[in-house]
Amino acid sequence: MIYRQGLKVMEYLHAALLFSMFVPLVYAVTAWSDPAGTGVLYVKCFLIAVPVIVTERAAKRVKSVVLYFAVSALLLAGTGAVTGLIAYVTGGRGRFEAYGICYCVMMAAETVFIIIRRFADRVSAAKRMREEPLAARLVSFLDHPALSLVWYFVVFYVLGVCLNAKPLCDIAFYSAVVYTFLALVYEYFVETRAYLEMNKRTKGIPRRRLYGVSFSMLLLFSLLLLAGMLPSVLLAGQRQYTDIREWFDGIAPAPFEYERGPDFQMPAAGGGSWMEILNDGEPAPEPSKLAVALLWGLGAACALVFLYGVFLVIRQILRDFRNSRDENGDIVEEIGDDQIPQRREVLLDRKGRRGAESEAERIRRRYRRTIRRHRKERPEPYESPAEIEENAGLKNDGQMRHLHREYEEARYGDLRGSSRKI
């Protein structure tokens, strides 16, 4: 539990660090400055962590599309109210200035982007699971810190130097330092956990010992990296800034003279249209009523096909959003046969024909539901029923052993409709 919560906090910090750079960039382009100082500006920008957390929880817990966007609307209204209050309180004259309005607008725009992105990620994950059930889970860029993203802060740092914006440079520099160590720790825990799960030979090594040795090496590397960063931190006040907007101030625009070919003649004022010129001075022929009707019919058909396609896309998006999570907010990963047997079970429930199933089908369905309640991740194709039950924590359960025997009989015995799939 603590492990997962720690990773989740690092994912929240990752997204907040990424989005906290845009307000200082706009201030640098417009030559505005916050009278409260760079530190206060950075803290104000870091409030984007609240929408990051709320949208992540909403996308994970909420099942209805309408409820998700209702929560998003409340979040957007709350973000606008809080940022407006902060801009008013921290303003130099106790009223809204241009930089305060810019801060509120940018925070609202970032919140809207995060809301849409969370929605799109959930729909994309459901679509991927539907098309490729055995594929790895799709991870959004909002939820995956990586060392390869340090260049993102380097770009903002270079922009700050080129725009003569010290606040932007400071925020980008220290964000890059914090993000580097954040990504290192995140990758360490994720890769160590993956190593322990993939390599069965490490089962004999105590986890605490393995984590202790590897974390000691990570700490040593982090200390060496920090020592290499110290010169840049100490020399931050010696940066040489420039302003690319002043590079071309002394250059006058080149005169432009219109030249035309000797054989090209424009039509005289009040003369014929281009269609008359192309028809040797004759007026353009009027299309027949049949041609007009055909064109209108073709246009109407294309419009109907387009609207029908939009309707199908929206309906599929709503279905993916609704069916991608269960009532507990977890990702739905079916263990048994895909959608055809599930739909058949639903139809049997609706028609009251559950008794028409074979005994083997009822046993397989009960087995699938028992495993699903105790294990959310998808079993690997090579796992046997005994391994599936062990990974679900049901190896020593008496009821599970009885159900296992019934399932083996339904799977390999003489019961009608036996299948080798769970």
Side-chain angles (χ1 to χ4, degrees), residues 55 58-60 62-77 105 108-142 264-326 331-334 336-351 353:
T55 53
K60 184 177 181 180
V62 174
K63 192 174 182 65
S64 171
V65 180
V66 176
L67 184 57
Y68 174 78
F69 280 107
V71 172
S72 302
L74 293 176
L75 172 64
L76 184 60
V105 172
E110 293 173 7
T111 303
V112 171
F113 176 82
I114 294 172
I115 290 171
I116 297 175
R117 183 67 190 188
R118 293 289 192 192
F119 180 83
D121 289 340
R122 176 166 164 175
V123 173
S124 300
K127 181 180 179 182
R128 180 183 177 88
M129 186 60 61
R130 185 182 68 252
E131 296 176 352
E132 301 178 13
L134 299 179
R137 184 173 68 91
L138 189 64
V139 180
S140 170
F141 83 95
L142 295 174
F264 183 78
Q265 296 181 357
M266 297 292 291
S273 64
W274 285 103
M275 292 299 298
E276 293 183 2
I277 295 174
L278 295 176
N279 286 284
D280 295 330
E282 298 294 333
E286 292 291 337
S288 63
K289 295 183 178 180
L290 179 61
V292 173
L294 290 176
L295 289 175
W296 276 101
L298 181 61
C302 292
L304 290 176
V305 171
F306 174 76
L307 293 177
Y308 182 68
V310 171
F311 168 75
L312 292 179
V313 170
I314 294 176
R315 185 179 65 175
Q316 188 60 51
I317 289 175
L318 296 179
R319 286 180 176 177
D320 289 341
F321 188 91
R322 183 180 66 250
N323 298 330
S324 61
R325 307 279 169 171
D326 62 8
I331 299 177
V332 175
E333 296 180 342
E334 298 296 341
D337 300 337
D338 290 334
Q339 297 184 4
I340 296 178
Q342 298 168 11
R343 292 178 180 176
R344 182 172 179 271
E345 292 176 4
V346 173
L347 292 177
L348 289 173
D349 281 333
R350 291 179 178 177
K351 296 180 180 180
R353 296 175 54 201

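Summarising the geometry of Ala108 relative to Leu76, their closest heavy-atom pair is O-CD1, 3.8 Å, with the distance given to 0.1 Å.
Of the inter-residue distances, the one linking Ile114 atom CD1 with Ser72 atom OG reads 11.0 Å to the nearest 0.5 angstrom. How far CG of Leu142 is from CZ of Arg117: 6.5 Å, rounded to the nearest 0.5 Å. Taken from CG in Leu290 to CG in Leu295, the straight-line distance is 9.5 Å, to the nearest 0.5 Å.
Between Thr55 and Phe119 there is no side-chain heavy-atom pair separated by less than 4.5 Å. The shortest distance between side-chain heavy atoms of Tyr68 and Lys63 does not fall below 4.5 Å.
For Arg122 (side chain) and Ala59 (main-chain N/O), a donor-acceptor pair under 3.5 Å exists by modelled atom type.
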